[in-house]
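Some notes on the structure that comes next.
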Amino acid sequence: MLDRPDQGRLVGDVFLGRVEAVLPGIQAAFVDIGVEKAGFLHVSDVVHQDGEPSENGRDGQNTPIQKLLNKGDRVTVQVTKEPIGTKGPRLTGQVSLAGRFLVYMPFSSRVGVSRKIEDRRQRSRLRALARRVVPADSGGVIVRTVGEEATEKRFAREFETLRGSWLEIQRTAKAAAEPGVVRREARLISGVIRDLFSDKFDSLTVDSPVIFREIEGYVQGVAPDLLDRLKLYRGEEPLFDVHGIEEEIHRSFRRKVGLKSGGHLVIEPTEALVSIDVNTGRFAGRKKNDPASLILKTNLEAAREIARQLRLRDVGGIVVVDFIDMDTQKDRDKVLHELRTHLGRDRARTRAFAVSELGLIEMTRQRVRPSIFTSITDACTHCGGLGRVFAPDTVMRRVERSLKRAAAAKSERSLMVRIHPEVALHVLDSEPDFRNRVSSATGLEISLRDDPLLGEDEFRLLSGRAQVDVTGKYATV
């Protein structure tokens, strides 16, 4: 997962909204929540204004939306999907509040357990434990995966906290005069730690002392037994370089992904869907007497890599995979089983349908935010949007990491950074302290100059008075 504190994520935030339009034809409403684009609220996600869930949820009932909402109505809604492209955020009135161990649902009476907890006896035990801490007529809960080892006392304490948050939301919404946010979801640090960090991780490494202390305080409160797994990185080499993360991010933009057997995938994102083509490549010339075995082996390896690439790239929506044609249903079933097995490790909800006779698999993956590809690139103005360039803030992160590499090498004293004028404007508007901040952190004398001859996501590092170009020494390709 890639996230930045300045990207203004909306998923999980609760808003007071005002209905702008009710559209009976599509059984939905557009709701002003005080952000740039109106949100989309489907009839299945509507809650009655008196606080009761509507009868037209996903249980097959069909009360028309025009009988539930009118233009100008005030509604409390939660964002379930980020605005993507020209589409506004997806909304629901069925608010849910996530804690570390429980998800609280004020408009539900259901007590459930995460599907990732598969042991029946354990599921039954957790369900019974949760029922004991949830008073009658006070809503429902789902026990999260990390709650598997939690005690009844922890469940009870967290339920009271979440219930208190919901009561505060109601008070704030009632007092608000205009559409706007009434509760923010946990931000970058606490949200990641709450949702991901558990005893299944060997360690969590952070390179910022400020963020380290923030995480330390949060973990101390919710999972003190994990404190010894929290590490502060103090090395001079950038943390991303130590673990090859930046290189992995760059790989996530490549169309062609190699397979160990010699085959490869070609991944093409489009407006409507993501297409993935599987090829045997240079390996196709071997095992001429047993092509079916080669095809099956390549497809099985591709299935494992596809599941990994979907997670790595945070791809959402419709995905169509063109596997190499297989002659037998038995082989098709093996490939589908392999794909579903590895998709099962994904935190996002996925669904893969049967392999067609053409070797195609249609699948969906839950999309709540733009993919990494969309998040950290902009449409290229020189090619009409057919290609992509790194966004200005991404360019400056690459510049910053390059300067840290130069400082770690201890071979430079002063560097001039040349960047495209659009990137220079971004620095002036959004990062005016960049030079002083990075100079202080690295000990380098740094100057910035705009250069209209550079591409929008290019930069140059020039060393000393002679301004020797040392970009290749410190910048990644």
Side-chain angles (χ1 to χ4, degrees), residues 1-2 114-118 145 195-196 198 200-202 243-270 273-287 290-369 371-373:
M1 182 177 72
L2 182 147
S114 168
R115 288 176 295 177
K116 292 184 181 294
I117 300 175
E118 297 179 350
T145 308
D195 295 343
L196 298 179
S198 69
K200 295 181 180 179
F201 286 79
D202 293 329
H243 297 282
I245 294 174
E246 185 165 11
E247 181 182 357
E248 198 68 29
I249 292 174
H250 279 274
R251 284 179 181 169
S252 71
F253 299 124
R254 296 177 185 171
R255 293 175 64 250
K256 188 174 179 179
V257 178
L259 302 174
K260 291 180 180 179
S261 63
H264 64 270
L265 310 176
V266 177
I267 303 175
E268 294 276 11
T270 70
L273 51 82
V274 174
S275 70
I276 303 178
D277 188 37
V278 182
N279 298 284
T280 54
R282 61 181 175 81
F283 204 68
R286 303 182 187 181
K287 294 189 179 181
D290 192 9
S293 175
L294 167 65
I295 290 171
L296 177 60
K297 178 180 178 181
T298 304
N299 280 339
L300 289 172
E301 185 182 357
R304 294 188 288 270
E305 184 61 27
I306 287 167
R308 177 177 176 272
Q309 289 295 325
L310 294 179
R311 296 194 303 271
L312 179 65
R313 300 171 186 235
D314 204 6
V315 170
I318 299 172
V319 180
V320 176
V321 184
D322 184 7
F323 283 101
I324 306 166
D325 291 346
M326 293 168 282
D327 293 332
T328 68
Q329 187 62 43
K330 180 180 177 182
D331 285 355
R332 295 187 194 117
D333 290 343
K334 285 182 179 178
V335 172
L336 181 60
H337 176 74
E338 188 76 3
L339 179 62
R340 286 174 171 168
T341 297
H342 287 269
L343 289 176
R345 303 172 183 173
D346 201 332
R347 293 181 70 246
R349 292 192 300 272
T350 60
R351 186 179 181 188
F353 299 90
V355 185
S356 73
E357 291 185 1
L358 296 176
L360 296 176
I361 285 185
E362 297 175 4
M363 59 176 292
T364 60
R365 184 175 186 269
Q366 179 187 21
R367 175 167 59 189
V368 296
R369 63 175 67 85
S371 67
I372 291 179
F373 178 74

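As the structure is a prediction and not an experimental result, all values here were calculated from the model. For this chain, numbers begin at 1 and follow the sequence in order.
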Self-check item: Within residues 315-326 or reaching into it, pairs that qualify as salt bridge (Lys or Arg N to Asp or Glu O under 4.0 Å) - sequence neighbours excluded
Solution: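 Every candidate salt bridge (Lys or Arg N to Asp or Glu O under 4.0 Å) pair involving residues 315-326 fails, so no pair, neighbours aside, qualifies.
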Quiz item: Can you tell me if E301 uses its side chain to pair, donor with acceptor, with the backbone of S261 under 3.5 Å?
Solution: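 It does hold such a pair.
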With sequence neighbours left out, what residues match [X] under salt bridge (charged side-chain N to carboxylate O under 4.0 Å, His left out)?
X: R365; answer: D314, D346
X: E248; answer: R251, R308
X: D333; answer: none

Assess whether atom [atom1] of [X] is packed by more than 12 heavy atoms of other residues, nucleotides or ligands within 6.0 Å.
X: R304; atom1: CZ; value: yes
X: K116; atom1: NZ; value: yes
X: I318; atom1: CD1; value: no

Exercise. Please name all residues satisfying side chain to side chain donor-acceptor pair (under 3.5 Å) with T145, sequence neighbours left out, ordered by chain then number.
Key: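 Applying side chain to side chain donor-acceptor pair (under 3.5 Å) to T145 gives S114.
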Practice problem: Report the residues that fulfil side chain to side chain donor-acceptor pair (under 3.5 Å) with R255, sequence neighbours left out, ordered by chain and then residue number. | Solution: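 With sequence neighbours excluded, R255 shows a side chain to side chain donor-acceptor pair (under 3.5 Å) to E268, given in chain and number order.
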Quiz item: Of the non-hydrogen atoms in L336 and F353, which two are nearest, and what is the gap between them?
Solution: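 The pair with the smallest heavy-atom distance is CD1-O, 3.3 Å.
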Practice problem: Check whether any side-chain heavy atom of R313 lies under 4.5 Å from a side-chain heavy atom of I267, and answer yes or no. | Solution: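 Yes, close enough: below the 4.5 Å cut-off.
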Quiz item: Looking at side-chain heavy atoms only, is the closest gap between V335 and L339 below 4.5 Å?
Solution: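 No; the side chains remain at least 4.5 Å from each other.
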